[in-house]
Amino acid sequence: MGSMHSIQTFDHAGKFDAYVATPEGAPKAAIIVIQEIFGVNPGIRQKCDGWAAQGYLAVAPDLFWRIKPGIELDPDVEAELQEAFGYFGQYDADDGVKDIEATIRAIRAGVGGLDGVAKVGAVGYCLGGKLAYMTAARTDIDASVGYYGVMIDQMINESHAIANPLMLHIPKADHFVGPEAQAAIHAGLDDHPKVTLYDYDGLDHGFAAEMGDRRDEEGAQLADSRTQAFFAEHLA
């Protein structure tokens with residue numbers, strides 16, 4: 001359904017690719033799908049295709065392009081999982097937010113010959129969940145959603161800058177984000193007027209993956225239904 005497009009960085013130091021899925025007819029809004037540590041792989045492209053089927057322009061930027069463009073890894077293959085952890089160790093999330101902001105601007109200006117789309121949301125997973133939080137704090141994104149975002153507990157001090165709605169999905173059995181980190185997220189964000197938190201008992205990191213061993217069908221459908229309603233409300 002989708003195709004690849006090129007997006008210019010802010011400083012014109014480079015270009016990075018993005019997978020773009022377009023809806024039939026004029027998009028009702030745009031959604032940036034922020035990758036996990038596995039790149040813009042089939043699961044992320046399937047997320048984009050799903051949003052396009054619901055009437056959104058969906059864009060997944062290749063955020064690891066500075067390390068190695070075009071990474072596509074399978075989390076269920078141990079060697080590829082370890083390769084992904086290696087990239088995560090090298091990755092600078094500050095660069096990621098800048099690339100997401102460049103993507104926001106490209107969408108509003110018109111991506112790939114499309115008319116510009118004014119309302120832009122973002123949804124991210126794992127590393128992308130962290131980046132969704134950072135995007136909410138550091139850009140003018142209209143609405144953001146993070147699934148099992150890592151290291152958010154270490155960035156609560158940025159929450160004062162969140163001006164537009166943010167939703168976070170927190171699986172309580174997340175083996176990358178432990179109980180203390182989850183408690184810190186709740187302590188720091190429960191009273192924030194722009195933030196909504198949802199906990200998921202018994203679910204682990206990656207429960208909303210489109211495919212593979214990590215997916216929990218019931219949990220994924222519940223979280224995704226909440227995300228869909230959230231974007232319908234805030235990107236209308």
Side-chain angles (χ1 to χ4, degrees), residues 4-20 31-41 43-45 47-48 59-75 79-108 111 120-141 144-164 166 168-169 174-178 181 184-185 188-189 205-206 209:
M4 300 304 291
H5 294 263
S6 183
I7 295 175
Q8 183 81 51
T9 57
F10 274 163
D11 56 9
H12 297 281
K15 291 183 176 181
F16 55 92
D17 287 333
Y19 179 79
V20 178
I31 294 173
I32 298 170
V33 178
I34 312 174
Q35 66 177 64
E36 297 181 270
I37 60 175
F38 310 108
V40 182
N41 63 4
I44 293 297
R45 295 197 298 271
K47 296 277 191 196
C48 289
V59 182
D62 176 9
L63 297 181
F64 279 175
W65 67 276
R66 288 179 177 84
I67 302 171
K68 181 181 175 183
I71 291 168
E72 290 189 42
L73 299 172
D74 184 342
E80 296 187 23
L81 176 65
Q82 294 307 319
E83 183 181 348
F85 283 135
Y87 295 137
F88 177 62
Q90 300 174 55
Y91 186 65
D92 186 337
D94 292 336
D95 285 337
V97 177
K98 292 173 186 173
D99 291 339
I100 292 166
E101 190 167 10
T103 304
I104 296 168
R105 292 193 184 184
I107 290 168
R108 288 178 177 155
V111 169
V120 182
V123 57
Y125 306 84
C126 175
L127 166 64
K130 171 186 178 179
L131 288 167
Y133 175 87
M134 295 173 72
T135 297
R138 299 186 188 183
T139 78
D140 63 350
I141 194 91
S144 301
V145 178
Y147 286 70
Y148 29 88
V150 296
M151 301 163 71
I152 291 173
D153 57 298
Q154 300 169 34
M155 297 183 294
I156 297 297
N157 63 334
E158 293 197 36
S159 64
H160 68 278
I162 297 171
N164 288 320
L166 169 68
L168 298 178
H169 299 294
D174 191 329
H175 65 288
F176 292 121
V177 183
I185 292 169
L189 298 176
H205 197 84

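The shortest non-hydrogen separation linking P61 to A18 is CA-CB, 3.7 Å. Of all heavy-atom pairs between L166 and V145, the closest is CD1-N, 4.4 Å. In terms of heavy atoms, A137 sits closest to A161 at O-CB, 3.2 Å. The two residues M4 and D17 come nearest to each other via the heavy atoms CE-CB, 3.7 Å. Between G188 and S159, the closest heavy-atom pair is O-OG, 4.4 Å. Looking at every heavy atom in both residues, A84 comes nearest to I37 through CB-O, 3.4 Å.
Looking only at side-chain heavy atoms (C-beta outward), M134 and M151 stay at 4.5 Å or farther from each other. In this structure, N164 and I141 have side chains that are not in contact, with every pair of non-hydrogen atoms separated by 4.5 Å or more. Taking the side chain as every heavy atom from C-beta outward, V123 and I32 never approach each other to under 4.5 Å. Using a 4.5 Å cut-off on side-chain heavy atoms (C-beta onward), Y91 and L127 make contact. Side chains of L81 and F38 form a contact here, defined as non-hydrogen atoms less than 4.5 Å apart.
Going from atom CG of N157 over to atom CE of M155 covers 9.0 Å, rounded to the nearest 0.5 Å. Interatomic distance, D153 CG to K130 NZ, rounded to the nearest 0.5 Å: 10.0 Å. The line from CZ of R105 to OG1 of T139 is 10.0 Å long, rounded to the nearest 0.5 Å. Atom CD of Q35 and atom NZ of K47 lie 14.0 Å apart (nearest 0.5 Å). Considering CD1 of I34 and CG of L63, their distance stands at 7.0 Å, rounded to 0.5 Å. Note that CZ of F16 is 14.0 Å distant from CZ of F64, once rounded to the nearest 0.5 Å.
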What do the steps show when you test D99 against R66 for salt bridge (Lys or Arg N to Asp or Glu O under 4.0 Å), and what is the final call?
CA-CA 11 Å; D99 291 339; R66 288 179 177 84; 2.6 Å; yes
Criterion side chain to side chain contact (heavy atoms under 4.5 Å, CB included) on Y133 and V97, from CA distance to verdict
CA-CA 10 Å; Y133 175 87; V97 177; over 6 Å; no
I would like to know whether V59 and I31 meet side chain to side chain contact (heavy atoms under 4.5 Å, CB included); could you show each step before the answer?
CA-CA 6 Å; V59 182; I31 294 173; over 6 Å; no
What verdict does the side chain to side chain contact (heavy atoms under 4.5 Å, CB included) test give for I100 and L131, after you've listed the backbone C-alpha separation in whole Å, the side-chain angles of each residue and the deciding distance to 0.1 Å?
CA-CA 9 Å; I100 292 166; L131 288 167; 3.9 Å; yes
Kindly determine whether Y19 and V33 satisfy side chain to side chain contact (heavy atoms under 4.5 Å, CB included), including the steps that lead there.
CA-CA 9 Å; Y19 179 79; V33 178; over 6 Å; no
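Under the 30°/60° scheme for interplanar angles, the aromatic rings of Y148 and H205 are found to be tilted.
R45 contributes a side-chain N or O that, together with a main-chain N or O of V40, makes up a donor-acceptor pair within less than 3.5 Å. Judged by distance alone, the side chain of T9 and the main-chain N or O of G14 form a donor-acceptor pair under 3.5 Å. Between the side chain of D62 and the main chain of G70, a donor-acceptor pair closer than 3.5 Å is present. In this structure, N41 contributes its side chain and I44 its backbone to a donor-acceptor pair below 3.5 Å. Side-chain atoms of E36 never come within 3.5 Å of backbone atoms of C126 as a donor-acceptor pair (strictly under, hydrogens ignored).
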